[in-house]
Amino acid sequence: PHDRRGAPKPLPPTDRQHPKGTFTMQTCVPKPGQRLRRDKLDQDGTFLLRDADNGGCLINNGRDDLAIGECSADQRWRELVQSEQVQHVSTGNCIDSGAGESRPILYACHKPRTSRKQKFKLVDTPGWIQMEGTWGDNGRKRWFEKCLDHMPAEPISVTVQKCQRTEKKGTRWEKLHAEQPLERRLWEQAEKPPPGALPLGGSAAPP
């Protein structure tokens, strides 16, 4: 939003403005607070989830909350690939996006079918614990991927500026989460009719 002079107005507070150290669900970005990588993988498939920036590990703090703490043997995890869940081994509970899908917690693993709130996967590079994106209402609703983050950054307001001014400032963008829709992939893989062939459904009706 802008004021009458065209200057951007400050954004109102949002639920993303949590104190550092509190895990929240945020847009996936390769930044400190989101880089949680598998460490000390065991033969049974369990592992620690170590913070690549501060050396601590993702732990259950004794309730249902998630925190960064000591990398001990009772804080191991496993990825349930078939059911798309990430499970805390000693409690048997799974990562859940929580109320409003903003504050992740540990909750009893959904069975036999996993609901959207517990559909997580581990992305080894850069090290995300990522909640799967999905859609509903025939594509009219979209839920994009989000990741666990214990160092949330303040949102940055964006305005549209003239390209020449932006180029002088050296502003550059990085494309994240680029995705090609399934329909496009299927169309590219399908056999195409030769040039001059009748279109699908036959020739156009006479005028």
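When reading the values below, keep in mind they use all heavy atoms of this one structure, side chains included, and skip hydrogens, waters and symmetry mates.
Between the Gln87 side chain and the Gly92 main chain, a donor and an acceptor come within less than 3.5 Å of each other. Between the Thr114 side chain and the Ser83 main chain, a donor and an acceptor come within less than 3.5 Å of each other. Counting only distance, with no hydrogens or angles, the side chain of Lys121 and the backbone of Val81 share no donor-acceptor pair below 3.5 Å. Judged purely by atom type and a 3.5 angstrom limit, Arg76 has no side-chain atom pairing as donor or acceptor with the backbone of Ser90. With hydrogens and angles disregarded, no donor-acceptor distance shorter than 3.5 Å links the side chain of Glu132 to the backbone of Arg116. Proximity of a side-chain donor or acceptor of Arg38 to a complementary backbone N or O of Asp124 within less than 3.5 Å is not detected. Of the possible polar contacts, one joining the Trp77 side chain to the Leu58 backbone as a donor-acceptor pair under 3.5 Å is found. Checking side-chain atoms of Asp51 against main-chain N and O of Asn54 turns up a donor-acceptor pair under 3.5 Å. Of the possible polar contacts, one joining the Lys31 side chain to the Met151 backbone as a donor-acceptor pair under 3.5 Å is found. At least one donor-acceptor pair closer than 3.5 Å links the side chain of Lys192 to the backbone N or O of Trp187.
For Arg172, the CZ atom counts as loosely surrounded, since its 6.0 Å shell holds 12 or fewer non-hydrogen atoms of other residues, nucleotides or ligands. Annotation for Gln164: atom CD does not count as buried by contact number, only 12 or fewer foreign heavy atoms lying within 6.0 Å. Around atom CD of Gln82, no more than 12 heavy atoms belonging to other residues, nucleotides or ligands sit under 6.0 Å away.
Here the closest non-hydrogen pair linking Leu48 and Cys57 is CB-SG, 4.1 Å. The two residues Pro32 and Asp149 make their nearest non-hydrogen contact at O-OD1, 4.2 Å. Between Gln130 and Val123, the closest heavy-atom pair is OE1-CG2, 3.9 Å. Between Arg35 and Pro30, the shortest heavy-atom contact is NH1-O, 3.1 Å. Residue Arg63 comes nearest to Asp65 through the heavy atom pair NH2-OD2, 3.2 Å, listed as atom of the first residue, atom of the second, then distance.
The hydrophobic clustering, which links ILVMFWY residues whose side-chain heavy atoms are closer than 4.5 Å, places Ile129 and Phe47 together. Residues Ile68 and Phe120 fall within the same hydrophobic cluster, defined by Ile, Leu, Val, Met, Phe, Trp and Tyr side chains chained together at heavy-atom separations under 4.5 Å. Under the 4.5 Å side-chain heavy-atom criterion for grouping Ile, Leu, Val, Met, Phe, Trp and Tyr, Phe144 is not connected to Met25 through any hydrophobic cluster.
From Lys40, atom NZ reaches atom OG1 of Thr46 across 12.0 Å, with rounding to the nearest 0.5 Å. Residue Phe23 holds its CZ atom at 5.0 Å from CG of Leu36, rounded to the nearest 0.5 Å. Residue Cys28 holds its SG atom at 9.5 Å from CG of Leu148, rounded to the nearest 0.5 Å. Atoms OG1 and CG, from Thr22 and Leu66 in turn, are 11.0 Å apart once rounded to the nearest 0.5 Å. To the nearest 0.5 Å, atom CG of residue Leu122 and atom CZ of residue Arg37 are 12.5 Å apart. Between Gln26 atom CD and Ser102 atom OG the span is 9.0 Å, to the nearest 0.5 Å.
Between Arg78 and Asp44 no salt bridge is recorded (no basic side-chain N to carboxylate O distance below 4.0 Å).
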CA sep, side-chain torsions, deciding dist, call: Thr27, Lys146, side-chain contact (heavy atoms from CB on, under 4.5 Å): CA-CA 5 Å; Thr27 300; Lys146 288 189 175 183; 5.6 Å; no
Let's go through Gln34 and Cys147 carefully: what are the C-alpha distance in whole Å and the side-chain angles of both, what is the deciding distance for side-chain contact (heavy atoms from CB on, under 4.5 Å) to 0.1 Å, and is it a yes or a no? CA-CA 7 Å; Gln34 290 191 17; Cys147 289; 3.7 Å; yes
Go through the steps for Lys141 and Trp143 under the test side-chain contact (heavy atoms from CB on, under 4.5 Å), then give the verdict. CA-CA 7 Å; Lys141 293 181 180 180; Trp143 292 273; 3.9 Å; yes
Would you sort out whether Cys94 and His110 count as a side-chain contact (heavy atoms from CB on, under 4.5 Å), showing the intermediate values? CA-CA 8 Å; Cys94 289; His110 296 165; over 6 Å; no
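There is a side-chain donor-acceptor pair under 3.5 Å between Gln161 and Thr159. In this model, a donor atom of one side chain and an acceptor atom of the other lie less than 3.5 Å apart for Gln118 and Gln85.
For the salt bridge (Lys or Arg N to Asp or Glu O under 4.0 Å) with Lys119, the lone residue among Glu101, Glu145, Glu84 that qualifies is Glu84. When each of Asn61, Val86, Asn93 is checked for a side chain to side chain contact (heavy atoms under 4.5 Å, CB included) with Leu106, only Asn93 meets the rule.
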